Chemist: 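Sharing a structure, written as structure tokens. Questions coming.
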Amino acid sequence: MGDFKLTTYEENEAITNRLLETGAKVGADAWQFRVKNQTPHCKFGEQGVCCRICSMGPCRITPKAPRGICGCDAHGIVGRNFLRFTAGGAATHSDHGREICNTLYHAKPEGPYKVKDPEKLIRIAKEWDVETEGKDIYDLAHEMAVLAMGEYGKVFGYQRWLKRAPQHTQELWEKAEIAPRAIDREVSCAMHMTHMGNTSKPEALVRQALRSGMSDGWGGSMAGTEFSDVLFGTPKPIDTEANLGVMVAENVNIVVHGHDPSLSEMICEYADDPEMIAYAKSMGAKGITVSGVCCTSNEVAMRRGIPMAGNFLQQENVVLTGACEAIVVDVQCIFPALGPLSKCFHTKFITTSPICQMPDSDFIRFEADTAAENAKSIVKAACENFKNRKPELVYIPDVKHKATVGYSVEAIVKTLDGVTNSQVDETGTTKPLLECITSGVIRGAVAMVGCNNPKVRSDLYHIELMKKLIANDIVIIASGCSAQAAAKAGLMDKAAKDLCGAGLKRVCELADIPPVLHMGSCVDISRMMILASELAKDSGLNISQLPVVGCAPEWMSEKAVSIGNYVVATGIDTFLGVDPYVSGSDQVAGWLTEGVRDWVEAAYTVELDLEKLGDMMIERIEEKRAAIGI
Ligand code: MSK
């Protein structure tokens, strides 16, 4: 097996404990302590049976009080809460997508935002029946940006991207009445349905939850992904490194955190500027290191090879190193704790978006028109802060792994098709991948996604499940903090092929890929929907027949529920390792874990036991193989 060794979660925990010792010296708080203060959690909240939608309550359902003041029962309350949770996630992802469309609208040849993948822009324009012949690429970009933003409030019809799905899937959506209309409408409709005195029927609430999720995955998120590629380049395999050891003690360390690549791309651009590097040197540093946390990190890792410092529950750790000059955030998944924590160190906590404003931060408003100046001033401020470091507090753990990232659908097709066909381009097919699956060399695929959650030992479920799956010849495509968990552990190192079963190992060797393929950020789960659609079309099967499942073992955010809903609605069975607050209603739970199968040929499974969760996914994949006779 050679010398290859994964970094274990125990090793990562030991590092965190060492960093918390530094924190204790300066009186820093940390999520590990706040979790203790917050547990045990409220049972009503956990079961989803607390309603505070109107001011007659809050009402809580118990055996003695089976209905709220308005008469709503547990099923209506749980269903409403689930739908509102979904709407929050769909709104968040979709608004991110809208910002990307807005950035595309501001793209110009003289920068700072340019069209880096004009071929992809033209491909999408043709898909949308937009004339491209003889058109200036920037005129086309602006026209497409306006059309894309129009999808958020379109008066009639459904999302344009739905046509990418196989015909059968589109028919299921139409029949089940879950094809999303305007993106904003599905969020508004969810809020309207759940207002006091509206829907309390579980079936209708679950149906709208799927539709609202669909407006995210096949609407806003897809726009975010596709137009990010147009602006910043479609990811291709690229080498990087992951874990806290990517920070460099002698350098100015800037950590980018959040989701929107518009900010982080500019920070990376200017951190590389010789003028800025000289400025850092004039402040006593040797250079500038940019690294990332959460999905912003995924975005710049897969396009620029920027190293990944950590995932969601490591965001405080980067400050605790004492070597972070600035943590620069855009939107989503940012702990408000970073404000007070940064005050215990020299770190500047810089917020940049009106969507995400926090106390104890320096707010530098980041806008498309002024992006270059904004980025420069942030990099400059970080350099100037180097001299404020307290050397006695600096501890950067010596831990990192190599990772190959950047497997967009285009890259996967090109890489795998390229093994059998040297002439392949972006128009290649998924047939080589299908052949690996039908022959049984690869048994199937799992889309591993989602966050960390203190309810699970950080990264434990991601890593142990991935290890088990690849040992069983199941390839993993990963995104979000799951992808970062894999990269930190070493599962995106090509040497991790040694941990695979014989079939997957052979494929990894032939195609020169790691067994866990990095597919990007949270919005990039839309890439997985496109890949599943292409696999279905190329095989002549329905998506639900493919030996493919989804898994979010440590999920925590509203966005994750929205994602789960569109993955299930696309026909992919989805496994959760954290309970989605629906146990208070057997009817809502029943709809999600079985009832929706009649509409979309897939459903949720919730299993909190790690071993069982892995076994169930393998079982489901084998069942699907048996059902199609492979
Ligand atoms: S960042 S939503 S903690 S995956 Fe996309 Fe990670 Fe979950 Fe945020």
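Remember, predicted model here, so these are calculated numbers, not experimental data. As the structure lists them, so they are numbered: ligands from 1, and atoms in each ligand from 1.
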Chemist: Determine the minimum heavy-atom distance between Tyr581 and Val78, stating which atoms define it.
Modeler: O-CG1, 4.0 Å
Chemist: Using the side chain to side chain contact (heavy atoms under 4.5 Å, CB included) rule, pick out the option among Asn452, Leu313, Thr8, Thr7 that qualifies with Asp459.
Modeler: Asn452
Chemist: Near Phe575 CZ, under 6.0 Å, is it more than 12 heavy atoms from other residues, nucleotides or ligands?
Modeler: yes
Chemist: Please name the pair of heavy atoms, one in Ala368 and one in Pro112, separated by the smallest distance, quoted to 0.1 Å.
Modeler: O-CG, 4.2 Å
Chemist: If the cut-off is 4.0 Å to any non-hydrogen atom of Lys559, which atoms of ligand 1 fall inside it?
Modeler: 2 (S), 8 (Fe)
Chemist: Would you mind listing which atoms of ligand 1 come within a distance below 4.0 Å of any non-hydrogen atom of Cys294?
Modeler: 1 (S)
Chemist: Side chain or backbone of Gln332 under 4.0 Å from ligand 1, or both, or neither, by non-hydrogen atoms?
Modeler: neither
Chemist: Does any N, O or S atom in His259 come within less than 2.8 Å of atom 5 (Fe) of ligand 1?
Modeler: yes
Chemist: More than 12 heavy atoms of other residues, nucleotides or ligands under 6.0 Å from CD of Gln38: yes or no?
Modeler: no
Chemist: I'd like to know if atom 5 (Fe) of ligand 1 has an N/O/S atom from Cys522 within less than 2.8 Å of it, counting both backbone and side-chain atoms.
Modeler: yes
Chemist: Could you tell me which atoms of ligand 1, counted from 1 in the order shown, lie closer than 4.0 angstrom to a heavy atom of Cys295?
Modeler: 1 (S), 5 (Fe)
Chemist: Look at atom 3 (S) of ligand 1 and say which protein heavy atom is nearest, naming residue and atom and giving the distance to 0.1 Å.
Modeler: Cys451 CB, 3.4 Å
Chemist: Does Ser557 approach ligand 1 within less than 4.0 angstrom via side chain, backbone, both or neither, non-hydrogen atoms only?
Modeler: side chain
Chemist: Need the ligand 1 atom indices (1-based, order shown) with element for anything under 4.0 Å from a heavy-atom of Phe312.
Modeler: 3 (S)
Chemist: Measure from atom 4 (S) of ligand 1 to every heavy atom in Gly520, Cys481, Ser562, Gly89 and give the option owning the shortest one.
Modeler: Cys481
Chemist: How about Arg620: does its CZ atom have over 12 heavy atoms from other parts shown lying under 6.0 Å from it?
Modeler: yes
Chemist: Among Ile350, Val331, Leu338, Val328, find the residue that satisfies the side chain to side chain contact (heavy atoms under 4.5 Å, CB included) test when tested with His257.
Modeler: Leu338
Chemist: Is the number of heavy atoms from other residues, nucleotides or ligands within 6.0 Å of NZ (Lys455) greater than 12?
Modeler: yes
Chemist: Within the 4.0 Å heavy-atom shell around Cys333, which atoms of ligand 1 are there?
Modeler: 1 (S), 2 (S), 3 (S), 8 (Fe)
Chemist: With heavy-atom distances below 4.0 Å as the criterion, list the atoms of ligand 1 near Gly450.
Modeler: 4 (S)
Chemist: Just which atoms of ligand 1 are under 4.0 Å from any heavy atom in Met556?
Modeler: 3 (S)
Chemist: Does a sphere of radius 6.0 Å around CZ in Arg52 hold more than 12 heavy atoms from other residues, nucleotides or ligands, not counting ones at 6.0 Å or beyond?
Modeler: no
